[in-house]
Amino acid sequence: MACSALPSPPIHQQLNPPPPTPTHPQLLTLLKSPKTPTQLKTLHAHLIKTSLTHNHLFQGQLLLCCNLSNSPAYARRVFDTVPNPTQFFYNAMIKCYSENDHHKEAIELYGQMRSCSVNCDSFTFPVVLRSVGSLRWRGIGEEVHGYVVKMGFGGLVIANTALIDMYCCCGMWSVGRQVFDRIGERVKDVICWNTMIAGYVKNGNFLSAKELFDEMPERNVSSWNTVVDMYGKCGDVGMARRLFDEMPARDVISWNAMISGYVHGGRFSDALELFRMMQGSDVKPNEVTVVAVLPACGHLGALDLGQWIHSYIKRNRVKMDVYVDTALIDMYGKCGSVEDARGVFDNAEMKDTFLCSTMIEVLAMHGKAEEAFGVFNYMRRTGIRPSNITFVGLLKACSHVGLVDIGVEYFGMMSKDFELVPKVEHYGCLVDLLGRAGHLEKAYETIKSMPMEPHPIVWGTLLSACRIHCNVKLAEEVALHLIELEPQNCGHYVLLSNIYSKAGKWNEAAKLRKIMKEKGVMKKPGCSSIEVDHSVYEFFAGDCIHPRRKEIYEMLDKIITRLKSEGYSPKTSSALHDVDIDEKEQALLYHSEKLAAAFGLLNSNHKTPIRIVKNLRICDDCHVFMKMVSKYFGRSLIIRDCNRFHHFKDGSCSCCDYW
DNA sequence: ATAGGGTTAG
């Protein structure tokens, strides 16, 4: 065909002709930085076009580039085109596997390398040992150890350090210690000490870890970080903090370990406080910091701070990964802002099982079952495999709105369509779903037919259902069993007592209270928190230590007087005690969520909702109270109890009184 | 030839 017959190309193509094939030096430079899978293909194509695919130098660089780009599968395709791979190619390919969590493949290739009689060098072993440790393949580890010695690398600190780490990962810390003790004193460096200490920590041998830390001739920041983290994990946050304060210099890992320690120990306010201190230090938070601190915001319902962290992430270009997105979704959800959680979900670049499950759980908590099902359908459409956690979320979504049939269907789907075995928590959800909807017998049958030992929580779920449906007889049976299982758990007594009170059985309620006293079981105090001006305030039932208590109680009394004139009468059946009506009313009137609500009305802007987090379930009376506040004070209130969210607006609640 | 090994935070 004559070229002249073709119309001239559009103007933009004339201005941007296709890029010329890169020259050899340009190609080499291009191969030195990470590439997307598509870019990798293009580069590979260039190599083929210029007949460089069989040039060892370029093949080698391409293989390294695949590792840089985290593409082990593509790397393997390149590797397989090399006729007789040299030590260099094996080392690069094994490393690529190991660094991308393809440990089995890394070890297999190491085996192939040896069977092809390609020599390993001192660089091969640490990489292979890391994969062995990750898989905890003891036998292989010992075999590699033998080969390390045979090849004459038994005296190298680095090889020995890798061996120590491998043995400790495999649970063989005493063998690790033997390797450690045999390292010559003159070459024993700080890293092999750190590895041994961390090895003890991995195996739960905290005493030996601390002993070795104390014996160290010199320490670096990692040594300190390891022990700070250890004390945080084993529950001695006080000691962790002492070491944190004592260490000569702190890096971002030090701060992260300490913040995580606080969160792990349930000391959320301390975690936030430390995060604030970090702002004043010379260390910048990174993505691990925000993943550690966001759950603390979530627990406390600190939405303002959570939002601040979200914008901090954007402003400071903190690396956004799927963990950060998941932590944000969880935080927004727990702080009562489903819309923001949904926004993060929709914009998330990478969506995996964990992120989707978190979104489903959040929607479930807020009673948005349909939307939760929608996310599940999205997972099916896009091939994201649901996990056990996904189904916990779906089942909770069903039980919060009473969709019994759909819930039962999801339960069946687990094993039928996804090869997932329902665990005790799934049975718990099923019991909740059935019990709440009034099918108490079926719920009881479910517990009896469970293939595993029913956890006390499952019985507790049935007991709550008995409360909702006023079934005293079944409640007694279940509660007696529960009290036998957990005699010190106040919740069981309180629940049964509430059921008696609700049924008007004051004598029984009183008897139970006496038993509690005799056994020394303390009632867990109700506690509510509210965030005002970036600070979190906590209230306890009948709180009389708050600095502004006078003002708060006056406000609460004003609210109550107003609500009473609109027909509010405290629902005394929620009260635990068998006392005369007045006293009972008093106990109810000062529940912590009411105090928090009064504080919120006093201190916040009319346009924003009042957000409260409560540690126990909200009681019937407080539920009525909040509905009325939302109506007669024209404020919306968002309350999270230990189970779910209640959004109060214009006199009604998002749970439709089904909770 | 080519790159490259061991410790600590979610």
Side-chain angles (χ1 to χ4, degrees), chain A residues 28 31-32 55-65 67-68 82 85-96 98-99 120-131 133 148 153 156-166 168-169 176 179-180 183 187-202 209 212-213 216 219-230 232-233 240 244 247 250-264 278 283 285-296 318-319 321-327 330 354:
Chain A
L28 279 181
L31 288 166
K32 298 238 185 280
N55 177 315
H56 257 210
L57 177 64
F58 282 90
Q59 264 179 323
Q61 291 302 325
L62 181 60
L63 186 56
L64 294 176
C65 185
N67 187 12
L68 271 179
V82 183
T86 54
Q87 183 190 59
F88 168 80
F89 281 98
Y90 273 107
N91 279 355
M93 190 63 232
I94 292 172
K95 187 159 174 271
C96 182
S98 184
E99 285 177 357
C120 298
D121 64 1
S122 69
F123 288 91
T124 318
F125 294 110
V127 180
V128 173
L129 286 168
R130 159 146 293 239
S131 285
V148 168
F153 300 125
L156 284 182
V157 228
I158 293 183
N160 283 311
T161 306
L163 283 166
I164 294 168
D165 189 48
M166 179 276 292
C168 292
C169 285
V179 175
F180 177 79
I183 300 174
V187 288
K188 222 177 210 179
D189 63 7
V190 64
I191 300 183
C192 67
W193 281 85
N194 289 350
T195 306
M196 193 60 233
I197 294 168
Y200 279 131
V201 176
K202 281 190 192 104
L212 209 58
F213 175 77
M216 287 179 86
R219 301 177 182 131
N220 65 10
V221 66
S222 304
S223 330
W224 287 92
N225 289 346
T226 305
V227 287
V228 167
D229 182 55
M230 172 183 85
K233 282 206 178 96
F244 177 84
M247 62 195 289
R250 284 166 283 272
D251 63 6
V252 66
I253 296 180
S254 325
W255 289 91
N256 293 350
M258 192 61 231
I259 291 173
S260 306
Y262 276 134
V263 172
H264 182 82
M278 189 181 183
V283 178
N286 65 6
E287 73 279 8
V288 179
T289 320
V290 301
V291 172
V293 79
L294 283 170
V318 172
K319 192 176 123 208
D321 57 23
V322 66
Y323 297 101
V324 173
D325 282 327
T326 306
D330 179 68
F354 197 59

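Every chain is numbered from 1, with letters handed out A, B, ... down the list of sequences. All heavy atoms count here, side chains included; hydrogens, waters and symmetry mates do not. As the structure is a prediction and not an experimental result, all values here were calculated from the model.
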J.: Considering every strand and a 4.0 Å limit on heavy-atom distances, what is the contact class for A:Leu64: base, sugar-phosphate, or nothing?
T.: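 Sugar-phosphate: the residue A:Leu64, judged by heavy atoms under 4.0 Å, touches backbone atoms but no base.
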J.: How is A:Gln59 classified with respect to the nucleic acid when contacts are heavy atoms under 4.0 Å: base, sugar-phosphate, or nothing?
T.: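 Contact class for A:Gln59: none.
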J.: The criterion is ring-ring contact (aromatic ring centres under 6.0 Å, His included); which residues satisfy it with A:Phe88, sequence neighbours excluded?
T.: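 Residues passing ring-ring contact (aromatic ring centres under 6.0 Å, His included) with A:Phe88: none at all.
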J.: Could you check whether A:Ile164 gets within reach of a base, just the sugar-phosphate, or nothing at all, counting any heavy atom under 4.0 Å?
T.: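 No contact.
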J.: Between A:Thr161 and A:Thr195, do the side chains contain a donor N or O and an acceptor N or O under 3.5 Å apart?
T.: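 Side-chain D/A pair, A:Thr195 to A:Thr161: absent.
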J.: Can you list everything that forms a salt bridge (charged side-chain N to carboxylate O under 4.0 Å, His left out) with A:Asp229? Sequence neighbours excluded, please.
T.: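 A:Asp229: salt bridge (charged side-chain N to carboxylate O under 4.0 Å, His left out) contacts with A:Lys233.
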J.: Remember a base hit wins even if backbone is also touched, and classify A:Lys202 as base, sugar-phosphate or nothing at under 4.0 Å, heavy atoms.
T.: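 Sugar-phosphate, backbone atoms only, no base.
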J.: Is there side-chain contact between A:Phe58 and A:Leu28, with heavy atoms separated by less than 4.5 Å?
T.: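 Answer yes - side chains close enough.
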J.: Contact list please: residues 123-131 of chain A against DNA chain B, heavy atoms, distance less than 4.0 Å, in numerical order.
T.: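 Residues of residues 123-131 of chain A under 4.0 Å from DNA chain B: A:Phe123, A:Pro126, A:Arg130.
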J.: Salt bridge (charged side-chain N to carboxylate O under 4.0 Å, His left out) with A:Arg130: which residues, sequence neighbours excluded?
T.: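 Scan of A:Arg130 (salt bridge (charged side-chain N to carboxylate O under 4.0 Å, His left out), adjacent residues dropped) gives A:Asp165.
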J.: Which residues pass the side-chain hydrogen bond (donor to acceptor under 3.5 Å, both in side chains) test with A:Asn91, sequence neighbours left out?
T.: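 Checked A:Asn91 against side-chain hydrogen bond (donor to acceptor under 3.5 Å, both in side chains); matches are A:Asp121, A:Thr124.
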J.: Assign A:Asn160 to base, sugar-phosphate, or nothing according to its heavy-atom contacts below 4.0 angstrom with the strands shown.
T.: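 Nothing, no heavy atom under 4.0 Å.
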J.: Can you confirm if the NZ or CZ of A:Lys188 lies within 45° of the ring axis of A:Phe180 and under 6.0 Å from the centre of its six-membered ring?
T.: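 Yes, a cation-pi geometry holds between A:Lys188 and A:Phe180.
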J.: Which nucleotide of DNA chain B is the first, and which the last, in the 5' to 3' direction, to come under 4.0 Å of a heavy atom belonging to chain A?
T.: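 Span of nucleotides near chain A: B:dA1 to B:dG10.
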J.: Let me see the working for A:Lys32 and A:Gln61 under side chain to side chain contact (heavy atoms under 4.5 Å, CB included), right down to the final yes or no.
T.: CA-CA 8 Å; A:Lys32 298 238 185 280; A:Gln61 291 302 325; 3.3 Å; yes
J.: So A:Asp189, base contact, sugar-phosphate only, or nothing? Heavy-atom distance under 4.0 Å.
T.: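 Contact class for A:Asp189: base.
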J.: For A:Asn55, answer base if it contacts any base atom (sugar-phosphate contacts may also be present), sugar-phosphate if it contacts only those atoms, and nothing otherwise; contact means non-hydrogen atoms under 4.0 Å.
T.: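 No contact at all - A:Asn55 keeps every heavy atom at 4.0 Å or more from the nucleic acid.
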J.: Give A:Asp251 one of three labels, base, sugar-phosphate or nothing, depending on what nucleic acid heavy atoms sit under 4.0 Å from its own.
T.: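 Nothing, no nucleic acid heavy atom in range.
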J.: Just checking A:Thr195: base, sugar-phosphate only, or nothing, at a heavy-atom cut-off of under 4.0 Å?
T.: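 Touches sugar-phosphate only.
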J.: Does one side chain, of A:Asn225 or A:Asn194, offer a donor that lies under 3.5 Å from an acceptor on the other?
T.: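 Judged by distance alone, the side chains do not pair up.
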J.: With a non-hydrogen cut-off below 4.0 angstrom, is A:Asn91 in contact with a base, only sugar-phosphate, or nothing?
T.: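 Base contact.
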J.: Which part of the nucleic acid, if any, lies within reach of A:Ser260 when heavy atoms closer than 4.0 Å are counted: base, sugar-phosphate only, or nothing?
T.: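 Touches sugar-phosphate only.
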